[in-house]
Amino acid sequence: MALSVTLQVAHVSTGQLFRETIRRGGPTGQAAQQFIEKGQLVPDAVVIAIVRGWLEDHGNRPEFIFDGFPRTTGQAVALDAMMRERSLPAPVVILIEVPPEVTLERILGRLGCETCGALYHATFDPPKRAGECDKCGSALGRRADDNETTVRERLRWYEELTLGVVAHYAKAAGLRRVDGCRGRQQVFADILRIVKG
């Protein structure tokens, strides 16, 4: 079961926010699209604008889960400021630690339904029927940027950029670490303990 369902809070995937922004069009969507199509990281200014837009529309409740944000120290600083602007508590930041090769295997096996958003994995959580969503019957697909070259490049960026976010929140004592190589239920239970505090 998803953490957001258990806690009854919004799950905000930056990847989904990017896709929705691109579908809506406009300058921000066009800016995001040009980087995503090349398999490059979307610049901080664009990411922050997209997240700020989501917070303006939905951030009236203090509980939500950001998935994939912040990815850089600049984004972390911006998130801290946006939380203060809204008188929201400092974020609880969870680092799920997984070695790069395991991450690669997990990403390359991802399958998603564009119709209902359900997620699967070719090895660890396959659909009942190959290529078909269990929930709505639509075709499943892989994201265009889920290929080995792009994923390895994103892992390199992670080493260069995201480790600064880890240091930022470790310094602020807001970082919690979880071993992501164990079973899904164990990881889920650890995260649930942290957020319920």
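What you are looking at is a predicted structure, and each value in this text was computed from that prediction instead of being measured. Residue numbers run from 1 in the order of the sequence given.
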K.L.:
For a 4.5 angstrom cut-off between non-hydrogen side-chain atoms, does R86 reach E56?
P.N.:
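In contact.
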K.L.:
Between H121 (side chain only) and R106 (backbone N and O only), is there a donor and an acceptor less than 3.5 Å apart?
P.N.:
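Checked: pair present.
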K.L.:
Is there side-chain contact between H11 and L3, with at least one heavy-atom pair below 4.5 Å?
P.N.:
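H11 does not reach L3 side chain to side chain.
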K.L.:
With a cut-off of 3.5 Å and sequence neighbours excluded, list every side-chain donor-acceptor pair involving residues 188-197.
P.N.:
{"residue": "D190", "atom": "OD1", "partner": "R193", "partner atom": "NH2", "Å": "2.2"}
{"residue": "D190", "atom": "OD2", "partner": "R182", "partner atom": "NH1", "Å": "3.4"}
{"residue": "D190", "atom": "OD2", "partner": "R182", "partner atom": "NH2", "Å": "2.3"}

K.L.:
For E160, look at atom CD and say whether over 12 heavy atoms of other residues, nucleotides or ligands are found less than 6.0 Å away.
P.N.:
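Atom CD in E160 is packed in, count exceeds 12.
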K.L.:
Work out which heavy atom in S138 is nearest to a heavy atom in T115; give both atom names and the distance.
P.N.:
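The pair with the smallest heavy-atom distance is OG-OG1, 3.0 Å.
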K.L.:
Give me the atom names and distance for the closest heavy-atom approach of F64 to L55.
P.N.:
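That would be CZ-CD2, 3.6 Å.
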K.L.:
Do you know which two heavy atoms are closest between Y169 and A76, and how far apart they sit?
P.N.:
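Scanning both residues, the minimum pair turns out to be OH-O, 3.4 Å.
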K.L.:
Could you measure the distance from the CD atom of Q30 to the CD1 atom of I22? Nearest 0.5 Å is fine.
P.N.:
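Nearest 0.5 Å value for the CD-CD1 distance: 10.0 Å.
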K.L.:
Quickly, which of T21, T28, V47 forms a side chain to side chain contact (heavy atoms under 4.5 Å, CB included) with V42? Name it, please.
P.N.:
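Passing option: V47.
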K.L.:
Can you confirm whether more than 12 heavy atoms, excluding those of Q8, are under 6.0 Å from its CD atom?
P.N.:
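Incorrect, the count does not exceed 12.
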K.L.:
Quick check: is V92 connected to L7 through a chain of hydrophobic side chains (ILVMFWY, heavy atoms under 4.5 Å apart)?
P.N.:
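Result: yes, single cluster for both.
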K.L.:
L95, L79: one ILVMFWY side-chain cluster at the under-4.5 Å cut-off?
P.N.:
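Yes, it is one cluster - the side chains of L95 and L79 are joined through contacts under 4.5 Å.
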K.L.:
Given 3.5 Å as the limit, does a donor-acceptor pair link the side chain of R110 with the main chain of L119, or not?
P.N.:
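Flag not set: sc R110 to bb L119 has no pair under 3.5 Å.
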K.L.:
Please examine the side chains of I107 and R143, heavy atoms only from C-beta on, and report whether any two atoms are closer than 4.5 Å.
P.N.:
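No, too far: nothing below the 4.5 Å cut-off.
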K.L.:
Do V187 and C181 have side chains that get closer than 4.5 Å, going by heavy atoms?
P.N.:
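No. Closest side-chain heavy atoms not under 4.5 Å.
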K.L.:
Hey, do the aromatic rings of W54 and F66 have their centres closer than 6.0 Å?
P.N.:
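Yes, ring centres under 6.0 Å apart.
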K.L.:
Locate the shortest heavy-atom distance separating P127 from L111; write the atom from each residue and the value.
P.N.:
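Shortest heavy-atom contact: CD-CD1, 4.3 Å.
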K.L.:
Give the minimum heavy-atom separation between A32 and I50, together with the two atoms involved.
P.N.:
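Looking at all heavy atoms of both residues, the shortest contact is CB-CD1, 4.3 Å.
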K.L.:
When clusters are formed by joining ILVMFWY residues with side-chain heavy atoms under 4.5 Å apart, either directly or through shared neighbours, do V77 and V93 land in the same one?
P.N.:
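No; V93 is not reachable from V77 via cluster members.
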K.L.:
Does Q75 use its side chain to pair, donor to acceptor, with the backbone of R71 at less than 3.5 Å?
P.N.:
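Yes: the side chain of Q75 pairs with the backbone of R71.
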K.L.:
Where do M82 and I48 land on the side-chain contact (heavy atoms from CB on, under 4.5 Å) test, with the steps shown first?
P.N.:
CA-CA 10 Å; M82 288 186 280; I48 292 164; 4.2 Å; yes
K.L.:
Same cluster or not: are V165 and V46 linked, directly or through other Ile, Leu, Val, Met, Phe, Trp or Tyr residues, by side-chain heavy atoms under 4.5 angstrom apart?
P.N.:
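Cluster IDs for V165 and V46 match.
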K.L.:
I'd like to know if R156 pairs up with E159 as an ion pair, taking the criterion as any Lys NZ or Arg NE/NH1/NH2 lying under 4.0 Å from an Asp or Glu carboxylate oxygen.
P.N.:
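No, R156 and E159 are not salt-bridged.
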K.L.:
With hydrophobic residues grouped by side-chain heavy-atom distances under 4.5 Å, do V98 and I94 end up in a single group?
P.N.:
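Yes.
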K.L.:
Which pair of heavy atoms, one from T73 and one from G164, lies closest together, and at what distance?
P.N.:
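Smallest heavy-atom distance, with atoms named: OG1-C, 3.4 Å.
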K.L.:
Verify, without hydrogens or angle tests, whether Y158 (side chain) and P100 (backbone) share a donor-acceptor contact under 3.5 angstrom.
P.N.:
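Here the side-chain-to-backbone pair does not exist.
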K.L.:
Give a yes or no on this: more than 12 heavy atoms of other residues, nucleotides or ligands lie within 6.0 Å of atom CZ of R154.
P.N.:
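Above 12, so yes.
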K.L.:
Any chance you could measure C133, atom SG, to E114, atom CD, to the nearest 0.5 Å?
P.N.:
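Those atoms lie 11.0 Å apart.
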